[in-house]
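Step one of this worksheet: look at the structure below.
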Number of protein chains: 2
Amino acid sequence: MREQIDSGKQSAAAWAKRCYFAGRAVMDATLRPYDLGATQWYVLWHLANFGPTVQRDLGRALELERATLSGVVATLVRKRLIRQEASGEDQRQRLLSLTASGDVLWRELPDLTFIQQTAFGGIDDADLATTIRVLQAATERLQDLVQKEK
Amino acid sequence: MREQIDSGKQSAAAWAKRCYFAGRAVMDATLRPYDLGATQWYVLWHLANFGPTVQRDLGRALELERATLSGVVATLVRKRLIRQEASGEDQRQRLLSLTASGDVLWRELPDLTFIQQTAFGGIDDADLATTIRVLQAATERLQDLVQKEK
DNA sequence: CATGATTCGTTCGCTACCTAGCGAATATTG
DNA sequence: CAATATTCGCTAGGTAGCGAACGAATCATG
């Protein structure tokens with residue numbers, strides 16, 4: 001929202017938005033041949049790298065709301081790429097794991113780390129650290145604001 | 001997506017995402033009593049500050065796709081907060097302006113600039129500038145990547 | 001041990017984005 | 001001037017994310 005750039009504060013927020021959407025656009029374009037969304041890729045990525053995971057833990061790891069993850073998981077189950085089983089200990093929990101075909105697909109998928117490499121590669125380490133620190137601080141303050149609204 | 005923090009590069013992208021959604025959450029919470037979404041607010045804001053605007057120009061100013069804006073505009077027209085008229089010069093264009101009730105509502109709305117003030121206030125100017133520069137560079141590189149995919 | 005609070009996953013309904021494709025209007029070019 | 005290309009707004013269909021509300025399971029407390 002370009003006109004909001006009357007001060008650096010608006011500008012920072014606007015660039016955070018643009019950066020997020022630009023990154024997602026690249027992921028979407030890359031994953032299009034595989035009929036996968038960015039979030040679906042993250043789920044497969046986690047299961048491939050960390051093995052079977054309880055849905056709650058997956059949500060916390062990927063920082064997704066239960067409702068959001070629920071929908072993504074349902075989609076992947078429908079595609080038979082992941083499996084959703086009862087967890088032994090807690091009957092409320094669902095244990096997620098890759099199916100055989102999910103594992104096969106995962107091996108075919110391109111490595112997506114090149115996206116961040118392209119985006120932030122060559123940027124000064126100190127500047128990158130500053131950026132992360134500023135965004136982190138802003139996010140925390142915003143989350144506090146939401147809490148206070150309630 | 002916290003586990004992606006094996007390098008600052010993933011982390012920066014993840015924080016950009018969180019920052020964007022946190023900001024939107026505050027806007028949504030603030031605007032809830034008025035039954036308005038964040039994007040709807042931006043449209044009203046622009047019309048209140050810049051007067052009647054052609055839909056195409058509004059889309060460019062707010063950096064929204066035609067399709068996205070089309071839906072938002074339809075919603076606001078349905079609420080009778082804005083008006084959509086034929087533009088004199090070009091018969092394809094639609095001129096948008098606040099209705100009387102839209103103007104009344106706008107005056108009631110709280111000032112939302114406090115959100116960015118809260119989020120980025122007190123942060124060192126140089127750090128803020130660095131953040132903007134890094135995000136801007138990353139966004140441009142990502143957009144180039146998308147172009148190449150095509 | 002019974003009651004109440006919390007947690008987990010689901011569903012519903014919403015906003016906000018996108019791409020693709022359409023028809024109509026306008027610009028460009030041979 | 002006719003044919004072609006572009007632009008503008010709309011619609012359809014998709015993903016991503018949220019909050020609220022719900023049943024079932026579990027935990028905490030009197």
Side-chain angles (χ1 to χ4, degrees), chain A residues 1 17-18 20-29 31-32 34-43 53-60 62-79 84-96 142-143 146-147 149-150, chain B residues 1 17-32 34-43 53-60 62-79 84-96 143 146 149-150:
Chain A
M1 316 233 169
K17 172 191 170 177
R18 288 187 204 114
Y20 164 65
F21 278 107
R24 247 199 34 187
V26 181
M27 288 193 73
D28 286 345
L31 292 172
R32 191 155 303 143
Y34 304 94
D35 190 30
L36 275 182
T39 310
Q40 295 174 36
W41 183 86
Y42 276 113
V43 170
T53 309
V54 169
Q55 187 162 327
R56 169 189 60 122
D57 296 335
L58 182 60
R60 288 183 182 161
L62 302 183
E63 298 199 339
L64 297 171
E65 284 294 310
R66 284 176 299 163
T68 304
L69 188 54
S70 196
V72 175
V73 164
T75 303
L76 289 172
V77 167
R78 213 179 309 119
K79 292 182 185 173
Q84 197 181 31
E85 299 160 303
S87 169
E89 312 138 27
D90 189 329
Q91 295 300 340
R92 296 169 301 182
Q93 298 181 347
R94 300 280 176 271
L95 187 67
L96 305 178
L142 288 168
Q143 285 170 347
V146 173
Q147 293 306 318
E149 293 280 337
K150 292 178 183 174
Chain B
M1 313 228 170
K17 171 188 173 179
R18 289 187 204 114
C19 192
Y20 165 65
F21 277 105
R24 250 198 32 188
V26 180
M27 288 192 73
D28 286 345
T30 309
L31 292 172
R32 192 156 302 144
Y34 304 93
D35 191 27
L36 276 182
T39 309
Q40 296 174 38
W41 184 86
Y42 277 115
V43 171
T53 310
V54 169
Q55 188 162 326
R56 169 190 58 122
D57 296 336
L58 183 60
R60 288 183 183 161
L62 302 183
E63 298 198 339
L64 297 171
E65 284 295 310
R66 285 175 298 163
T68 304
L69 188 54
S70 197
V72 175
V73 164
T75 303
L76 289 172
V77 168
R78 211 180 310 120
K79 292 181 185 173
Q84 199 180 28
E85 299 159 303
S87 169
E89 313 137 26
D90 189 329
Q91 296 300 340
R92 294 168 302 182
Q93 297 182 349
R94 300 279 176 273
L95 188 67
L96 305 178
Q143 285 170 347
V146 173
E149 293 279 339
K150 291 178 183 174

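Because the structure is predicted, anything quoted here is derived from the model rather than measured. Letters A, B, ... mirror the listed sequences (proteins, then strands); counts begin at 1.
Comparing C:dT10, C:dA16, C:dC18 against the side chain of A:Arg66 picks out C:dT10 as the nearest. The side chain of B:Asp90 has C:dA25 as its nearest neighbour among C:dT10, D:dG17, C:dA25. Closest approach to the B:Ala38 side chain among D:dA16, C:dA16, D:dC10 is made by C:dA16 (side chain taken as heavy atoms from C-beta onward). Distance from the side chain of B:Ser70 is smallest to D:dT11 among C:dC8, C:dA16, D:dT11. Here D:dC8 is the nucleotide among D:dC8, C:dG9, D:dC18 with the atom lying nearest to any side-chain atom of B:Gln93.
Between B:Gln55 and the options B:Gln93, B:Arg60, B:Gln84, B:Arg66, a side chain to side chain donor-acceptor pair (under 3.5 Å) holds for only B:Gln84.
Mapping B:Gln91 and B:Tyr20 onto DNA chain C via the closest heavy atom, the residue that lands nearer the 5' end is B:Tyr20. With the nearest nucleotide of DNA chain D identified for both A:Thr68 and B:Arg56, B:Arg56 has the one nearer the 5' end. Residues A:Asp35 and A:Ala67 each lie close to DNA chain D; by heavy-atom proximity, the contact nearer the 5' end of the strand is made by A:Asp35.
Residue A:Asp28 is classed as having no contact, given no heavy-atom separation below 4.0 Å to the nucleic acid. Residue A:Val54 is classed as a sugar-phosphate contact, given heavy-atom separations below 4.0 Å to backbone atoms only.
A:Thr75 meets the side chain to side chain contact (heavy atoms under 4.5 Å, CB included) test with A:Gln40, A:Arg78, A:Lys79; sequence neighbours excluded.
Side-chain N/O atoms of B:Arg92 and base N/O atoms of D:dT7 include a donor-acceptor pair closer than 3.5 Å.
Nearest heavy-atom pair, B:Val72 versus B:Val43, reported as atom, atom and distance to 0.1 Å: CG1-CG2, 4.0 Å.
Distance CZ (A:Arg94) to P (C:dT10): 6 Å, rounded to an integer number of Å. Separating the CZ atom of A:Arg24 from the C1' atom of D:dG17 is a distance of 9 Å, rounded to the nearest angstrom. Atom-to-atom, CD of A:Glu65 to C1' of C:dA16 comes out at 17 Å; the value is rounded to the nearest Å. As rounded to whole Å, 15 Å separates atom C1' of D:dA25 from atom CD of A:Gln55. For B:Arg60 and D:dG9, the CZ to C1' distance is 13 Å, given to the nearest whole Å. Rounded to whole Å, atom P of D:dG19 lies 15 Å from atom CG of A:Leu69. Residue A:Arg32 contributes atom CZ, which lies 7 Å from atom P of C:dT19 at whole-angstrom precision. When rounded to the nearest whole Å, the span between NZ of A:Lys17 and C1' of D:dA16 equals 14 Å.
For the atom pair CG (B:Asp90) and CG (B:Leu95), the distance works out to 12.0 Å, reported to the nearest 0.5 Å.
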* Would you please test B:Tyr42 and B:Glu63 for side-chain contact (heavy atoms from CB on, under 4.5 Å) and show each step? => CA-CA 11 Å; B:Tyr42 277 115; B:Glu63 298 198 339; over 6 Å; no
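In terms of phosphate contacts, A:Thr39 brings a side-chain nitrogen or oxygen within less than 4.0 Å of OP1 or OP2 of D:dG17.
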